[in-house]
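In listed order, ligands and their atoms are each counted from 1. Just the heavy atoms: all of them, side chains too, but no hydrogens, waters or symmetry mates, feed the values below.
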Amino acid sequence: MSSIIKTIKMATLESSVLQSKFRGSLLGSLIGDCTGSPYEGDTFTNGDKIILQRYFDKLEEPNFKAPFKPYTDDTAMMKSVAKFLIDKPEPDYKFLAKLFVNEYFKQPKRGYGENVVDVFHKLRNSKFEDVFKPAREQFLGSGSYGNGGAMRIAPIALYCHSNYKTMLEIAANATKLTHTNILGVNGALLQCIAIHQALEHHPEEKIDPKRFCLELYLKMKKIEKTDEEDVEDADPALTAYQEKLKVVEHLLGKRIDTDLDEEVIFCLGNGISSYESVPTAIYCFLRAQSEIPHIKTDNVFRRTIQYAISLGGDTDTIACMAGAIAGAHLGEEAINSDLARHCEFSKEIIEVADNLFMTRAVSPTTS
Ligand code: AR6
Ligand code: MG
């Protein structure tokens with residue numbers, strides 16, 4: 001029944017609307033990355049939030065001139081994921097591993113995580129013999145739980161928008177080239193299904209935050225299956241994200257007061273691990289559906305990324321992930337073009353989104 005409803009929903013989205021959503025999601029991801037990166041590691045006081053408001057006001061002024069804001073590893077790797085989907089009709093993970101590695105060695109100073117750089121060296125030194133092996137060996141075999149898999153996942157959610165099962169499969173494999181810890185992989189899957197779900201809602205349809213969160217929870221429950229009969233004995237990592245989504249839902253129901261942002265940071269996190277950033281990004285998108293006291297704008301896209309940055313910590317990646325979800329819902333039209341023009345690669349990312357859109361129409365994986 002629900003899959004029939006979904007098919008109807010997707011079918012009713014006009015092609016031009018879907019194309020705009022592809023653009024919106026990749027552009028949203030890029031803008032979150034570029035505008036968030038100067039604040040990486042910061043903690044925001046109320047005064048800092050006012051300065052952040054002014055910074056965004058300036059960036060949206062038509063005549064404001066400033067050097068462009070460079071993108072970081074989030075976008076560098078996202079570009080490779082898009083190319084992997086556009087250039088090869090069937091997923092070729094060795095090709096993706098080579099794209100990641102080439103991109104890194106071409107421009108290593110894009111703020112990559114320490115562990116992932118080690119994986120790139122091992123991939124190159126092993127001549128890409130077994131592309132999943134280096135990541136599996138990291139952290140004494142437990143693999144990385146960083147948010148590097150989630151931050152680059154948007155192109156997969158878009159490309160596979162009409163094939164949920166294939167999307168999960170490609171997203172998991174593309175993540176495992178660098179992140180094999182269950183928290184790293186499931187975090188990337190959660191971010192992927194959040195973008196996919198946002199894509200299903202018409203830009204003019206208002207998102208019901210609690211309902212959106214519940215739908216994500218039900219999907220994560222299917223992904224995070226545990227074989228343990230006694231759930232009490234099961235490793236908490238196995239069900240980590242469904243539990244965290246309950247916290248997101250709880251926070252969405254809370255009265256907005258001055259301590260709420262601190263509670264959000266405490267309960268959801270703002271760090272570089274997937275567990276402490278993907279649910280936070282989703283919360284930012286959902287919270288931004290209505291007004292936020294220290295953010296003066298009617299634009300939900302801007303509110304989403306400005307709020308994400310105001311939480312501090314891994315600002316570029318949390319804003320990048322929140323921006324990818326907001327852009328997938330609202331489409332390119334909802335994104336202020338002046339804000340976009342300050343970001344490196346903002347024109348080119350539209351071309352990437354269009355190529356992804358054209359390719360998915362003829363790809364066998366979307367049938
Ligand atoms: N055990 C201990 N520490 C870990 C583990 C683990 N299993 N997994 C990750 N870490 P990495 P990323 C810590 O290098 O996920 C950039 O700014 C460890 O300190 O895989 O690609 C990006 O933009 C490791 O160095 O990077 C992202 O915002 C760190 O997590 C962010 O960094 C990052 O894991 C993560 O990028
Ligand atoms: Mg980052």
Side-chain angles (χ1 to χ4, degrees), residues 29-42 69-81 96-97 99-101 103-105 107-123 131-154 171-172 174-192 235-238 240-241 265 268-282 284 305 308-309 311-324 343-345:
S29 176
L30 173 81
I31 295 175
D33 179 19
C34 295
T35 57
S37 120
Y39 299 98
E40 199 174 353
D42 285 3
K69 313 215 161 291
Y71 64 77
T72 74
D73 58 327
D74 304 46
T75 303
M77 297 193 86
M78 190 254 277
K79 278 165 59 184
S80 294
V81 173
L96 179 56
L99 290 173
F100 284 155
V101 170
E103 185 72 35
Y104 168 72
F105 283 102
Q107 296 186 323
K109 292 196 176 132
R110 290 276 186 189
Y112 288 88
E114 275 172 40
N115 163 74
V116 86
V117 167
D118 195 34
V119 173
F120 294 152
H121 279 101
K122 287 182 177 167
L123 280 166
V131 287
F132 293 103
K133 192 164 169 241
R136 255 193 332 254
E137 288 172 351
Q138 298 306 105
F139 298 102
L140 302 172
S142 64
S144 173
Y145 50 57
N147 55 21
M151 71 190 184
R152 64 186 190 229
I153 213 77
T175 300
K176 285 178 189 167
L177 289 174
T178 49
H179 295 69
T180 62
N181 188 287
I182 188 163
L183 290 174
V185 177
N186 285 348
L189 292 180
L190 174 57
Q191 170 65 9
C192 195
D235 177 352
L238 296 174
Y241 289 101
I265 297 166
L268 298 179
N270 62 3
I272 56 171
S273 74
S274 267
Y275 182 65
E276 290 188 320
S277 57
V278 176
T280 316
I282 291 167
C284 291
I305 51 170
I309 295 169
L311 293 177
D314 194 4
T315 47
D316 53 344
T317 298
I318 299 176
C320 156
M321 296 190 292
C343 301
E344 179 187 6
F345 207 69

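Note on ligand 1: Gly184 sits outside its first shell, no heavy atom being nearer than 4.0 Å. At least one heavy atom of Asn147 sits less than 4.0 Å from an atom of ligand 1. Using a 4.0 angstrom heavy-atom cutoff, Gln138 does not count as in contact with ligand 1.
For atom 33 (C) of ligand 1, the candidate residues are Asp314, Ile318, Thr317, Ile272; the nearest heavy-atom contact is made by Ile272.
Considering backbone and side-chain atoms alike, Ser144 places an N or O below 3.5 Å from some N or O of ligand 1. Between Asn181 and ligand 1, no N or O atom pair is found at a separation short of 3.5 Å. Looking at Met151 next to ligand 1, no N or O pair under 3.5 Å apart turns up. Note: an N/O pair closer than 3.5 Å links His179 and ligand 1 by distance alone.
Only the side chain of Ser142 comes within contact range of ligand 1, with a heavy atom under 4.0 Å; no backbone atom does. Looking at Asn115 against ligand 1, both its backbone and its side chain come within 4.0 Å, counting heavy atoms. Heavy atoms of Phe139 found under 4.0 angstrom from ligand 1 belong exclusively to the side chain.
Of all atoms in ligand 1, listed by their number and element, those nearer than 4.0 Å to a heavy atom of Asp73 are 16 (C), 22 (C), 23 (O). In summary, the atoms of ligand 1 found under 4.0 Å from a heavy atom of Glu40, numbered by their order in the structure, are 17 (O). Interface atoms of ligand 1 facing Glu114, defined by a heavy-atom separation under 4.0 Å, are 14 (O), 25 (O). Interface atoms of ligand 1 facing Gly111, defined by a heavy-atom separation under 4.0 Å, are 16 (C), 17 (O).
By the 4.5 Å heavy-atom criterion applied to side chains, Thr317 and Ile272 are not counted as neighbours. Residues Val81 and Ile153 have side chains not in contact (no heavy-atom distance under 4.5 Å, counting atoms from C-beta outward). No side-chain heavy atom of Asp316 sits less than 4.5 Å from a side-chain heavy atom of Tyr39. Inter-residue side-chain proximity for Leu311 and Cys284 is flagged as met; some heavy-atom pair is nearer than 4.5 Å.
Ser273 places no side-chain N or O within 3.5 Å of a backbone atom of Gly146 that could act as its donor or acceptor partner.
By the ring-ring contact (aromatic ring centres under 6.0 Å, His included) test, Phe139 is found to be paired with no residue, residues two or more places apart in sequence or in another chain being considered. With sequence neighbours excluded, the residues that form a ring-ring contact (aromatic ring centres under 6.0 Å, His included) with Phe345 are Tyr71.
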Q: Output, in order, the C-alpha distance, side-chain angles, deciding distance and verdict of salt bridge (charged side-chain N to carboxylate O under 4.0 Å, His left out) for Glu344 and Arg110.
A: CA-CA 12 Å; Glu344 179 187 6; Arg110 290 276 186 189; 3.0 Å; yes

Q: Would you sort out whether Arg152 and Thr178 count as a side chain to side chain contact (heavy atoms under 4.5 Å, CB included), showing the intermediate values?
A: CA-CA 12 Å; Arg152 64 186 190 229; Thr178 49; 2.8 Å; yes

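Using a 3.5 Å distance cut-off with no hydrogens or angles, the side chains of Ser277 and Asp314 do not pair a donor with an acceptor.
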